[in-house]
Number of protein chains: 2
Amino acid sequence: MTKLIPAIVIGRLPIYLRELVRLSKENTRPNTSSQELAHRLGISSAQIRKDLSHFGEFGKQGTGYNIAYLIEQLQRILHLTEQWEVILVGAGYLGHALAHYGGFQRRGFRITHVFDTDPALIGTEMGEIVVQKIEGIEAAIQENGIKIAILAVPRSVAQKMTDRLIKAGILSILTYTPIQLKVPDHVQISYSDPLVQLQQMTYYLPRDAD
Amino acid sequence: MTKLIPAIVIGRLPIYLRELVRLSKENTRPNTSSQELAHRLGISSAQIRKDLSHFGEFGKQGTGYNIAYLIEQLQRILHLTEQWEVILVGAGYLGHALAHYGGFQRRGFRITHVFDTDPALIGTEMGEIVVQKIEGIEAAIQENGIKIAILAVPRSVAQKMTDRLIKAGILSILTYTPIQLKVPDHVQISYSDPLVQLQQMTYYLPRDAD
DNA sequence: TAGATTGTTAATCGATTAACAATC
DNA sequence: TAGATTGTTAATCGATTAACAATC
């Protein structure tokens, strides 16, 4: 039943999932409630119930939600029951950090290829993956049916690289490049720019920082 | 005139600023319009005009906005006219990447201290900064009046570290730790979690990824 | 049965957009 | 003057919340 769920709702599901996983580890109780979740996440219980109701009825009156069951359901909804292969473009410091982050692997995202243009980096090991030269990127995407890319390249080559990725079949891009990328409608894009985040916060800081 | 600007508006200002800076570099024209900006950012021109109108009148009918002037104004509004000192907590791979990112420095954020608990890292150089042992963190914050921290530590110590930072006077935290942190109302917090971003995007991916 | 909590409806709140008078 | 574009008002759209019947 994929009517037309607001993107803002989809945006919250991974947060719910993360907290539920945490609950399932902390906890001997098999159940939780929208109220407990809401309290932990700092949002309203009505919102959680409303969000979940877009996808079905997962709770029971009086007892709330079975944690393990709700985790399963959220994973199913978000297409997290399978292992996703991910390519990483850019083997600089940030690429390094991403390649070494164990959280991807643990949650079903496996970085299988790393690409860069710098001859000095090509052939070096990052995590357990050898950095490959960029020329092979289309083949890697197509042969392995890879749908997800992480982009950690300099701004100057970001749009060109994006176009290449999409042409080769990539459908979701997580980018760390601080520019607005042009992508067709069928491609998902998600930005991470620490400067933008810092600049939002300084608005709330008192100016006199002696 | 700080009535009560919606946070969602504040969130867009750095995006406008980023695009304006870009425009000012690409371009010989001194002016732009809400329409041009809107087109580049993929949002509506009305929204841009509305957002800016919260803070004053920066444009001229018929000619639009002077790019340099609007940049100045946005920087003033966001408190970006001064240099902000930032401490970085966590000198792992991610800390490394952050310490080497030149964009901070260029945009008025200077990472002046890096802290870690790992004795193997303490004393090593990262960028141009020596990693210090965590014990000195309160003194560094207080003596330098630092208000902004970037948190790149393991999940298990994140809340404790957050509490310490806030107690010492930190008011804005950019965190890469994948948990919901509890902070008092006067503290700004901004999250960056690549897994959450990936999990949002997989919702839109077709499940059959053979 | 009494207490708790869901899923959902209706009311409220807030954000976006359309439209246009003002004016450069 | 004619054309362009602002700032703003009013209309629309969408998201959040309050409330409660249903029911475990």
Side-chain angles (χ1 to χ4, degrees), chain A residues 1-17 19-20 23 27 29-74 77 200 203, chain B residues 1-17 19-20 23 27 29-74 77 200 203:
Chain A
M1 172 132 307
T2 315
K3 271 172 305 194
L4 192 73
I5 316 289
I8 198 162
V9 172
I10 305 300
R12 282 189 291 260
L13 299 187
I15 309 283
Y16 299 162
L17 177 58
E19 201 61 33
L20 285 161
L23 261 169
N27 212 304
R29 282 172 301 138
N31 293 321
T32 185
S33 66
S34 60
Q35 216 173 102
E36 181 179 36
L37 267 178
H39 178 75
R40 282 174 160 251
L41 297 173
I43 57 180
S44 81
S45 64
Q47 181 162 82
I48 293 177
R49 294 198 301 279
K50 189 89 199 281
D51 285 352
L52 295 176
S53 76
H54 283 102
F55 304 95
E57 312 193 351
F58 306 119
K60 270 209 204 40
Q61 286 99 326
T63 54
Y65 301 92
N66 179 279
I67 296 170
Y69 177 70
L70 189 51
I71 287 174
E72 260 176 44
Q73 291 304 308
L74 285 174
I77 292 164
Q200 289 167 358
Y203 171 79
Chain B
M1 173 131 308
T2 315
K3 269 173 303 194
L4 193 71
I5 317 290
I8 199 163
V9 172
I10 303 301
R12 282 189 293 259
L13 298 187
I15 310 283
Y16 299 162
L17 177 57
E19 201 60 33
L20 285 163
L23 261 169
N27 211 302
R29 282 171 302 137
N31 292 321
T32 185
S33 66
S34 60
Q35 217 173 102
E36 182 180 35
L37 267 177
H39 179 73
R40 283 173 160 252
L41 296 174
I43 57 180
S44 81
S45 64
Q47 181 162 83
I48 293 176
R49 294 199 301 279
K50 189 91 202 282
D51 283 354
L52 295 177
S53 76
H54 284 102
F55 304 96
E57 311 193 353
F58 306 119
K60 270 209 206 35
Q61 285 100 328
T63 54
Y65 302 91
N66 178 279
I67 296 171
Y69 177 70
L70 189 51
I71 288 174
E72 261 176 43
Q73 291 305 307
L74 285 174
I77 292 163
Q200 289 167 359
Y203 171 79

Listing request: all salt bridge (Lys or Arg N to Asp or Glu O under 4.0 Å) pairs with a residue in residues 62-71 of chain B, at least two apart in sequence or in separate chains.
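Matches after skipping sequence neighbours: none remain.
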Figure out the [atom1]/[atom2] separation between [X] and [N], and round it to whole Å.
X        : N       : atom1 : atom2 : value
Tyr16(A) : dT6(C)  : OH    : C1'   : 15 Å
Glu36(A) : dA4(C)  : CD    : P     : 15 Å
Gln35(A) : dA19(D) : CD    : P     : 14 Å
Ile48(B) : dA18(C) : CD1   : P     : 14 Å

Under a 4.0 Å heavy-atom criterion, the protein footprint on nucleotides 7-17 of chain C, written with B, S and -, is BBB-----SBB
Using side-chain contact (heavy atoms from CB on, under 4.5 Å) as the criterion, list what pairs up with [X], not counting sequence neighbours.
X        : result
Ala38(B) : Ser45(B), Ile48(B)
Gln47(A) : Arg12(A), Tyr16(A), Ile43(A), Ser44(A), Asp51(A)
Glu19(B) : Gln180(A), Arg22(B), Leu37(B), Arg40(B), Leu41(B)
Ala7(B)  : Tyr204(A)

Leu52(A) to Phe58(A) - nearest heavy-atom pair and separation:
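Minimum heavy-atom separation between Leu52(A) and Phe58(A): O-CE1, 3.5 Å.
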Residues which pass side chain to side chain donor-acceptor pair (under 3.5 Å) with Glu36(B), listed by chain and number, not counting sequence neighbours:
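Glu36(B): side chain to side chain donor-acceptor pair (under 3.5 Å) contacts with Arg29(B), Thr32(B).
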Is there a side-chain polar atom (N or O) of Ser34(B) under 4.0 Å from OP1 or OP2 of dT6(D)?
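Answer yes for this pair, as a side-chain N or O of Ser34(B) is under 4.0 Å from OP1 or OP2.
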Not counting sequence neighbours, list each pair that qualifies as a side-chain hydrogen bond (donor to acceptor under 3.5 Å, both in side chains) and has a residue in residues 56-67 of chain B.
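Every pair satisfying side-chain hydrogen bond (donor to acceptor under 3.5 Å, both in side chains) with a residue in residues 56-67 of chain B: there are none.
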Intra- and inter-strand pairing of DNA chain C, written as dot-bracket with Watson-Crick and G-U pairs under 3.5 Å and | for the latter, reads ..||||||||||||||||||||||
